[in-house]
Amino acid sequence: MTLVKFNNRTRNTAPYFNNVFDSLFSEALNKNLTVNKVPGVNILETEADYKIELAAPGLTKEDFQINLKKDTLSVWAEKKVSETEEKKDYTRKEFDYFSFARSFVLPESVDAEKIAAEYTNGILNITIGKKDESKSATKEIKVS
């Protein structure tokens with residue numbers, strides 16, 4: 001059997017455990033999921049285009065608004081839910097409001113005419129096509 005030495009800062013163990021529980025509860029309160037909801041994003045680059053995957057479960061495609069202004073692509077989503085349930089002599093009403101906004105600065109190689117979006121299985125997929133610069137940018141120069 002191995003003995004593990006535990007050095008407690010105080011002789012009384014109650015304050016130590018209170019600090020542990022206080023920190024656990026304060027972390028749980030600070031990590032409240034209804035506050036500061038910003039969906040996670042994956043950005044992929046291929047030879048032909050850029051792909052943005054935005055995780056936003058529980059929404060519909062009508063909840064999204066996507067705009068391109070100059071070189072900035074902005075994505076907004078807003079959802080309002082209200083339920084009313086009537087019981088014997090009381091009424092319960094619950095609200096839920098969810099919104100977020102994300103903006104992405106696009107590089108100059110983006111073709112604004114080749115932007116498409118699709119929402120499937122809780123993920124918004126935005127495909128941004130690149131300009132056909134690869135053909136015109138490649139040039140062989142002969143040394144004379």
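Treat the numbers as computed from the prediction; the structure is a model and nothing was measured.
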| Non-neighbouring partners of N42 that pass side chain to side chain donor-acceptor pair (under 3.5 Å), sequence neighbours left out | E53
| request: Tell me, yes or no, whether the heavy-atom count around E113 atom CD, taken from other residues, nucleotides or ligands under 6.0 Å, exceeds 12. | output: no
Side-chain donor-acceptor distances from residues 114-122 under 3.5 Å, at least two apart:
residue	atom	partner	partner atom	Å
Y119	OH	A56	O	2.5
Y119	OH	L59	N	3.3
Y119	OH	L59	O	3.1

| query | If you look only at pairs with a residue in residues 39-48, which of them pass as a salt bridge (Lys or Arg N to Asp or Glu O under 4.0 Å), with sequence neighbours excluded? | reply | E45-K130
| task | Answer yes or no: is there a side-chain heavy-atom contact under 4.5 Å between I126 and L54? | result | no
| remark: Here the pair of heavy atoms bringing R102 nearest to V41 is NH1-CG2, 3.3 Å
| query | Is there a path of hydrophobic side-chain contacts, each under 4.5 Å between heavy atoms of I, L, V, M, F, W or Y residues, that connects I43 with V110? | reply | yes
| remark: With sequence neighbours left out, the residues meeting salt bridge (Lys or Arg N to Asp or Glu O under 4.0 Å) with E78 are none
Could you give the side-chain donor-acceptor pairs of residues 63-77 under 3.5 Å, partners two or more places apart or in another chain?
residue	atom	partner	partner atom	Å
D63	OD2	T60	N	2.9
D63	OD2	T60	OG1	3.2
S74	OG	S103	OG	3.3

| Contact list for residues 41-60, test ring pair (Phe, Tyr, Trp, His ring centres under 6.0 Å), sequence neighbours left out | none
| task | Please determine which of D111, D49, L106 meets the side chain to side chain contact (heavy atoms under 4.5 Å, CB included) test together with I128. | result | L106
